[in-house]
Every structure is written in structure tokens, then in C-alpha cells.
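Beneath this line is the structure, given in C-alpha cells, with notes to follow.
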Amino acid sequence: MLRFWEENQVYRKVKKRVWDERSSAPIFAFLEGPPTANGFMHVGHARGRTLKDVKLRYARMKGYRVWDQAGWDTQGLPVELEVEKKLGFKTKKDIERYGVERFVEECRRLVDYYIAHWVEASKRLGLWLDYEHAYETRHPRYIEAVWEFVKTAAAKGLLYEGRRVVPRCPRCGTALSSHEVAQGYQTVEDPSLYFKLPLEGLDNTYLIAWTTTPWTIIANEAAAVHPDEWYVFIAVGDEVWVVAEKRLKPFTEEVGVKDYIVIDRRKGSSLAGLRYRHPLLEEVPYHRSHEPPYHTVLTADWVSMEDGTGIVHVAPAHGPEDFELGRSHGIEAYTPLREDGYFGPEAGVFKGLWFEDANDKVAEVLKKKGLLVHLGKIVHEYPFCWRCGTRLFYYASRQWFIRISDEVRKKMVEAVDSMRWAPSWAVKRMRDWVENARDWCISRERYWGTPLPVWRCTRCGHWEVIGSLDELREKAVNPDEVPSDPHRPYIDRVRLRCPKCGGEMVREPFVLDVWMDSGVAHTAALRQYGWLHLWEKLYPYRWITEAADQTRGWFYTLLVTGIVWHGEKPYREVLLQGHVLDKEGKKMSKSKGNVVWALEWMKSHGADPMRLLLLSRAPWDSVNFDPDEVERYRSQLNTLWNTVRFADTYMELDKWSPAKAGEPRLEIEDKWLLYELHRAVKAVSEAIESDNMHHAVRAALDLVVEKISHTYIPLIRPRVWEEEMTESKNAAYKTLYTALRAAILLLAPLVPFTAEYLYQAFIKKYEPESTEETVHLEPWPKVPAELLDEEAWRAASQAIEAAEKVLALRTERRIKRRWPLPRAAIVPKQGAPSRQLLEQAATVLARLANIKNVEVSEQPPEWAEGADEIDLETIKVYVEARLDKETLLEGLAREVVRRAQVLRKQLDLPVDHVAEKLMVYAEGQLREAVEKHIDYIKREVRVKTVELLDEPPSGAKEWKVEGHRLAIKLQP
RNA sequence: GGGCCCGUAGCUCAGCCCGGUCAGAGCGCCCGGCUGAUAACCGGGAGGUCGGGGGUUCGAAUCCCCCCGGGCCCA
């Protein structure tokens, strides 16, 4: 099928048809969340991409003009890290040594490689996107769009430069944004360290502070208390300790201090200004030069009474609140820690230590000096680098930010509330995040990314944002140096003249947060191809879907840029996806080796069954990927396959075609199936529209397996076997064909390969004229209203239900289905279908349950006394679920016939050949049966005479039939 | 510490929003049928305290509260 699509360029034709011939149709605008081209597709990705494909194929069949541009995230840390791994790099220095130019080239190559993989894997999966016009975040036109956004933000006063304490990954050598940090929290065990700050001028009196990051004590510059809380002075041994009153109990319990006396109680505000001696004064020399307000008690209302001691150690360089507090008191954010995570020479005895390793050393020193109160453990969440897993720390540095103003925030919240979220609870998550959104740190000290388009004057500091390469060429001092591709390092050579002072302006050496790349996809994807004229038609996009963690990622950055840039939400409907876990329900990870790679898997097992499995659970729940489970879905598809084969076998035999069928009178089971079809179409449509793809799978498969294969086909078998092309047979064919055709179309979004195959091989064979080139261009099925007969459906449904009960009774009483039960009666209740329909329903019941005579009567017949009773919604059914002598003999006769047929087959007699003689030896009732039904046997077996013997003939075949010996021989 | 999701037969899951048809399906298992869809097809059965407890109600898997277990997010 894949080859069929490729060779005939089916996708391209579909795209053209969809857009050219539906000029007045509504647009279904999908925005692709670009996969990062830094690794292979695993089944988790495959799930998301399957969901996308289902929605898009459905929309095409529903007649929308479907916008389905593909996209790739091609820059940023994820790609750089992959290249570093490949080249064996450990730090940024390795990159500098290797050369930025070559490094960037490597990134480009790696991206090319992975994009090729993703395109192949996506196509193999069946995801139809416009790969020919995929947007790539590294494309110069795309980058210009990002610049345009930055410039717009700047024009609105939302871009600013600031020295800020931001989370930093020492390994990657760059700051991270809050949404990146949000993705990297891990539960870890850390030290819980209580230590003393000796107060100046008060002998043996100590503030007790608490920290989970002892290394930050090296950069401690102050202590903070809550101004309105009470603090107690307690005597412990010969020392006096100060802690918050509310923390006294938990604190003393945790550190194991039992004997203490409270000797004083003071308001936090009264402690302000007290000086303390830095606990590492001797070890870290530079603290000696720090005079007040350094090393004093400050007040802050964010001091928590929930943990610690109510006295917070303040390290302005390593905590955002600390930084702000310090700044308001004129305290600089000094730190001897270098950006690479190692302590520099100023750290004294801690020089050269990795920051995490300094924890132990600090504790050791404090202990030696008698300043350690308690060293315990705490299990909590701590952020790690979302890409490389290194522990982050907060660090003061110069960065660029997008301000999330109150106005922007308000608009974002409104936007979130006005969207449709699936599942509905997702809106809470998103709103919660947006309401607490902080300014967005957009600068990264890296190489392979969109360069920050800010040039700054080396003389006066004036800065300016450039919005395009043309603008840059215009303003450059050295326009010849402006590259056609604006990546580093070339772009860094471009200089401008400062309009303020005439000095030289150079580019700020940052690249942008990769999340901004994908975040402006709503506009940049079009800009890359010069399609901005389409923007108005597509924005806000109708539907997006990604994994749940993107509430903090792409969903968020799209929203920010959309609101800031265009003042309107960028998308309207969101589907949140859960993760794919391994079959034990464990997270897939490379280190565990339990990752299932999508392409590999599909190559050996095919895409469709996998798609069904991935679709089978609610999209937002996690799904366990169990290979055995996939096989179960394959077998269900197999049923469809065989059902089609059944239809094809007979239709071909009869040279039947829908064009010749006309409008035959339908029988009740036909009406029943058509109504079931109608229900299935409705269920599948609603399910896909509301993003409940798992319901769509169920409804579609139920139609095929339960309704068509299990129920309808057995019902029409006798009609199909009629020799002539009767109206009844024609009606059965037409109904079956209609149902199969619709079922194939219903399944097309879910299992595009299977559907396409059956469409080509089956539907096209019977409708060479009226079909499309591909099933995916067919209009979504709809059962014509004139074919819907709810009353008939209701009547038939109850007959079918009754038949199931009768079958259960048969099993219970060991009565084979082949043996007809003598009789049953349908008695209407309140609201029952018409008499005529009930008569027809009676035939359904008779056929499914093999009952000789099913009557309809207003009152229970006389024999109903003692018969089995089945009570249904609007009818009651009485059934004689026992064999009388007569039927028993009939049944036994049939057993004989059946076995004689086997002999015919063994002798390979042509169907119409009349054999000479059937010799039968039978015992007991079986003999009786043969005697009584001898003519019947002659006719059915097509034999001239039947001879009943007293001894088994030689060379006869023997059976035990219901306990009686049977031996027969056939003479041809 | 706060928020959210999940916890239904051996397994994988529907149902829960909008309380009331014996709590359903597929697979597996057991029994059986068919041998004119046959390297197919079909029927039946066993199996469940609907995580636990409390409440609302005439009535709860479904609504409310608490707890336990699994997971996610935030601080």
C-alpha cells in the first residue's frame, strides 16, 4: 500500500484535490508540534502521530480543506547535546576548541539524518502530512520570523535585559527557562543541614538556619526572618539558639534536642540588623571584607513557617528571592562558584570543588568548628537539566527576558478558558501554569540556535533589535558579512553603527531558547514558504495535540507568542496525550533498554495493528505497549478481511454488482444491519470529533466483528445459497456490500493501510466507475435516511437477543444447534413493534436459534405452560427448548446426511453427480430415523437408493452418533 | 505541602460527566458447534467485595468525604 501511495503520488493528489476542489469548504487547520530531530521515533511518538493522522484523515473525508503542514524542531540544546555525544565532548570548551563553525555543521548534518528517519518512519506509520513543505526551525526564513517576533515584543516593551538569578545547567553552560526547569524535576535525597550563625556581641548565641544545599553557605551574605512571626531564644546546654516559635517543636524533634529552656521571645522585626559572624569566615577569605548590611539579619515576608527554622540563610547569587532581597539592601550577588559548577580561587578551602561535592566539605568544616547542629536527609523534588540530567543550580547572570505582563497573563488565561480541552480537566492544569507564569528567560549561551537578534553598542550600551536579514543588511557597517543563513558564528561578525553615539554595535552572543523556535510555529511555518497570506485563514489553528508535559512546553510558548504577537490565542482545541509505557507499565528509557523503536517494529509487524493498540485507550491515559496485545488487534482486522472474502466469493460467483442491484425489497435483518451501520457511523464520527479515538476503535470493530460477521452473515447464509438470483439474495448482497463499504470507510482513518487495500481490491472491483483513486478521498459514509427503519431494528434486535438466550439454553441442555427446536412464540408487550415486523422478527429468531416454527400471538399459547420464557424490552418469547421424538429423528437423519456428504467429498464426486447406492448400518433411534426419513436422505445425499443393512458393510466408515453406532458406505 | 489522573474478571481495557435494564468487551482458559469465509468461521461457560471505609439516596462502579496503592504536575 505504501508503494501504491508512493508510486501514484496519492498524497500529493489528495492534497491538491482537497484544496483545489473544495474552495468553499471550511478549513481544518492543524498545527504540527515539531518533533525534535535528535533521535529516532519510538512508539510513544508513534501514538501521538497516529492520533494526528486519525483526526486529519477523518477531516479530509468529511470534506474539510485540511491544513497538514509537517514541521521539524531542528535546533537548540537537544541537538547540540546529541552532537556532543557523538563527538565525545564533555564541555563547551571542547566545542570552542573544535570550532563553532564545524560544530554547527555537524548539527546540521545530524538534523538532516534524523529528519530523513522521521519522514520515513512517519510515512511507514501512515501519517499523511505535507512533508514536502515541512517547516524547519533552522531555515533562514523561519529564523527571520522568530526575529520578527522578538522585535515585536521589544516594540511592545516586553523585551528586557536583566541580571537575574536563573536556573543554570553547569554542564550545558547555559541558563534554562522556567518551563524547561519544570520538565526536569526529580525526586532525590539531599542533605538536610541545620547550622549556627554566631551572633556578634552576644556570647554563645546563635541563629539556627536550615538548608538543603549546604554548598550555598559559601556564598551566604545574610539571614532572613519573617517580620511578623515570633522567635524564641532557647538555652541548650551552654548555648543560646534562636528559632521561630512555630518551628520550635518540629525543629527540636528533628535534630533530637530534648532539654532546652525558652529564655526569651521576640518579634522577627526586632531581630533585624543583628550582625552575625559568617560561619565560613576563616575558610572563605573574601567574606572578611564584607561589612553590614552583609552578614546581618534582614526581614522578608516570604520566610516560611512550613519547614526549617524560620530563619533562612540568604545567598543572593543562588536564589531568586535571595537575589531580590539582597538587591533591595544593597547586597551584591557575590559567589566564588564559577558558571561551570566548580568553585574558583575565591572559595578558599573549597577551591576546585564541584558544587555538589562541596556539600560534604561544608558540613565537615562546620562540624569541626562546632557550628553544625544536625545533618540529616530529606527526600524532595529538585530540578535537573531536562536534556542532560545534570543537577541545576540558581546562578546570577545577565540574560534576556520576555516580560509576562499582567495584561498578557490575563489574555492568556482568557484564551485558555475559551479553548476546548480534551480531557476537560486539562484546562485546570494549563490555567494553573499560565496564572503563575513568570518572565521568560529566552537567552541561551549556546551555538546551534536562532541567534538573539539584539545588537548592542560597545561604547554607550544602547541596544536594538533587528527583525530581518534585509534590515540587517541595511544597517550593517559591513553588509558583505551578512550571511544568507543567519546562524552562528558568521552572524556574529556583523556590526552596526550606534544611532545614539556612533559607536560600534555587536551582537549579544546568545542564541534563543529552542522553545521560542517552535513557539512561533503558528506564523513562522508559513513565513518560511512565503505563505503569510494564508495566516488569516489558519489562525487560530483549529486543533493541536501533544503529550501532557507540553502544557509547560509548546502549548505554553505558542500561547505566549500568539498573545504577544497577534493578541489572539493561537489554537482552539487541544488534545492531551498520555505516555506509552512498556508492557509492565514502566516508563520506557534508553538506560533500561525497554524502548520500542517505531520504525523497526513496524517493519517487522506492520503499522495498522499497532495503530489500533495505540488508539485503544483514552488518548490522555498511558497505554502499555505489549506485543501480544498488538496481535489481538491483528486478529480483529483478520475478521474484516475474511468477511470481505466471504462477500467477494459469492458476489463474484453470481456476477453481482451494486450497479445492477437496483432497489430490492429489504428483509428485516437487512434493515437491522443498515440501522446498526447508521449507529456505528454516528458513534465513530462523534468519537473522533470529541477526541475519544478509543471509542471510535471500539465502535468500528464492533460493527465488523459483532454485527456483520457474527450476526448478519449467519442470518443471510440461506439467502446467499439460493440457486437463482432472487430478490431476497440481491437484497442481502446489496445490504452486505453497503455495510462492508461503509465499514471500510469508517476504518480508513484508523487503519489506513488495511482500508486502502480492501478498497482497492474489493470496492473498486465492484464499482470500477464510481470510486476514487484512494479510499481517503471518499466522502465519510452516511446511511440514507430512507433506509433507516428504527422499528424494524428494534424488532430484529430483540429477536437476536432472544436467539442468544436460546443458544445458551441449548448449550445448557446439550442440544446441538443443527437440531431444530420444535417451536417458539413471540408475544408482544406494551410498545411492541407492529405485527408485521414481529412476524419478520420471528424468522430471524427461527433462523439464528434454529427453531422450526416461531409464531406470533397476542396471548401465550397453550404449550407455553412449562416452556422457557424470555422476557425482553417489548416482547416476551416462549420457547420449547426440548426435542420431541419427531425432531429428534429428523435431527438424527441429518447427522446421517452430513456424514454421507463427507463420503461424497472423499470420493471427490461432482456436486451434481447422483450416486448409485448408500449402504447404511445404524442402531437404535438412529435406525428409526433412517427408516423414517429415507426419502429425505436420498434427496440430500443425491443417491439413487438407500439400503438399510443389519451388519456394517465392509469398507464402511464408522461413527458414534449420539451414542448410537453408525456405519455407511457410498457407491458412486 | 498543594493540585490532577488512574485503581472494574487471569491480562488489556469500556462504562462513571447526565445515579436505576443481571457490571460489559477483547484476549487467555474450559466446553461445544460448523466443515459450502476452512492455514477460516461460530456458540456457550467459568471468573469480578467495580482499591478500602463512610455518607447522600427508595436505589451508587457512577455523586460527596476520608484512607490506601500507582503515576503525573506544581511549590
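Letters go in sequence order (proteins before strands), and every chain restarts at 1.
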*asked:* Strictly below 4.0 Å, N to O, side chains only: are A:Asp654 and A:Lys729 in salt-bridge contact?
replied: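 Yes, this pair counts.
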*Charged N to carboxylate O below 4.0 Å: is that the case for A:Arg247 and A:Glu229?*
no
Check every atom of [options] against the side chain of [X] and return the nucleotide holding the closest atom.
X        : options                : value
A:Arg429 : B:rU35, B:rG15, B:rC72 : B:rC72
A:Arg698 : B:rG43, B:rA37, B:rA14 : B:rA14
A:Arg645 : B:rG43, B:rG15, B:rU38 : B:rU38

If I pick the [atom1] atom on [M] and the same atom on [N], what distance separates them, to the nearest angstrom?
N      : M      : atom1 : value
B:rC11 : B:rG28 : P     : 16 Å
B:rG51 : B:rC17 : P     : 15 Å
B:rU62 : B:rU21 : C1'   : 15 Å
B:rA61 : B:rU56 : P     : 16 Å
B:rG7  : B:rC64 : P     : 15 Å
B:rC29 : B:rG10 : P     : 16 Å
B:rA25 : B:rG47 : C1'   : 15 Å
B:rG36 : B:rC50 : P     : 47 Å

Can you list, pair by pair, the side-chain donor-acceptor contacts under 3.5 Å of residues 682-694 of chain A, counting residues two or more places apart and other chains?
unit_1   : atom_1 : unit_2   : atom_2 : d
A:Ser685 : OG     : A:Val681 : O      : 2.6
A:Ser685 : OG     : A:Trp780 : NE1    : 2.8
A:Glu689 : OE2    : A:Tyr58  : OH     : 2.4
A:Ser690 : OG     : A:Glu686 : O      : 2.8
A:Ser690 : OG     : A:Ala687 : O      : 3.4
A:Ser690 : OG     : A:Asn692 : ND2    : 2.9
A:Asp691 : OD1    : A:Lys55  : NZ     : 2.6
A:Asp691 : OD1    : A:Trp543 : NE1    : 3.3
A:Asp691 : OD2    : A:Arg420 : NH2    : 2.9
A:Asp691 : OD2    : A:Trp543 : NE1    : 3.0
A:Asn692 : ND2    : A:Ser690 : O      : 3.4

Are [X] and [N] close enough that a side-chain N or O sits under 4.0 Å from OP1 or OP2?
X        : N      : value
A:His710 : B:rG43 : yes
A:Arg898 : B:rG36 : no
A:Thr551 : B:rC73 : no
A:Arg717 : B:rA37 : yes

*asked:* According to side chain to side chain donor-acceptor pair (under 3.5 Å), who are the partners of A:Glu324, at least two apart in sequence or on a separate chain?
replied: A:Arg327
How many whole angstroms separate atom [atom1] of [X] from atom [atom2] of [N]?
X        : N      : atom1 : atom2 : answer
A:Leu615 : B:rA14 : CG    : P     : 13 Å
A:Leu821 : B:rG43 : CG    : C1'   : 14 Å
A:Tyr712 : B:rC42 : OH    : P     : 16 Å
A:Glu706 : B:rA25 : CD    : C1'   : 8 Å

*asked:* Show me the dot-bracket string of RNA chain B, counting Watson-Crick or G-U pairs under 3.5 Å, with | for pairs to another strand and [ ] for crossing ones.
replied: ((((((((.[[[[.)....(...]]]].(((((.......))))).....[[[[[..)....]]]]]))))))).
*asked:* In the structure I gave you, are the side-chain heavy atoms of A:Arg719 and A:Asp670 within less than 4.5 Å of one another anywhere?
replied: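 The answer is yes, as the side chains (C-beta and beyond) meet within the 4.5 Å cut-off.
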*For the residue pair A:Ile744 and A:Phe762, establish whether any side-chain heavy-atom pair is separated by less than 4.5 Å.*
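Yes. Closest side-chain heavy atoms under 4.5 Å.
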*Select base, sugar-phosphate, or nothing to describe what A:Asn642 touches, counting heavy atoms under 4.0 Å on all strands.*
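The residue A:Asn642 makes base contact.
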_Atom OH of A:Tyr757 with >12 non-hydrogen neighbours under 6.0 angstrom_ = no
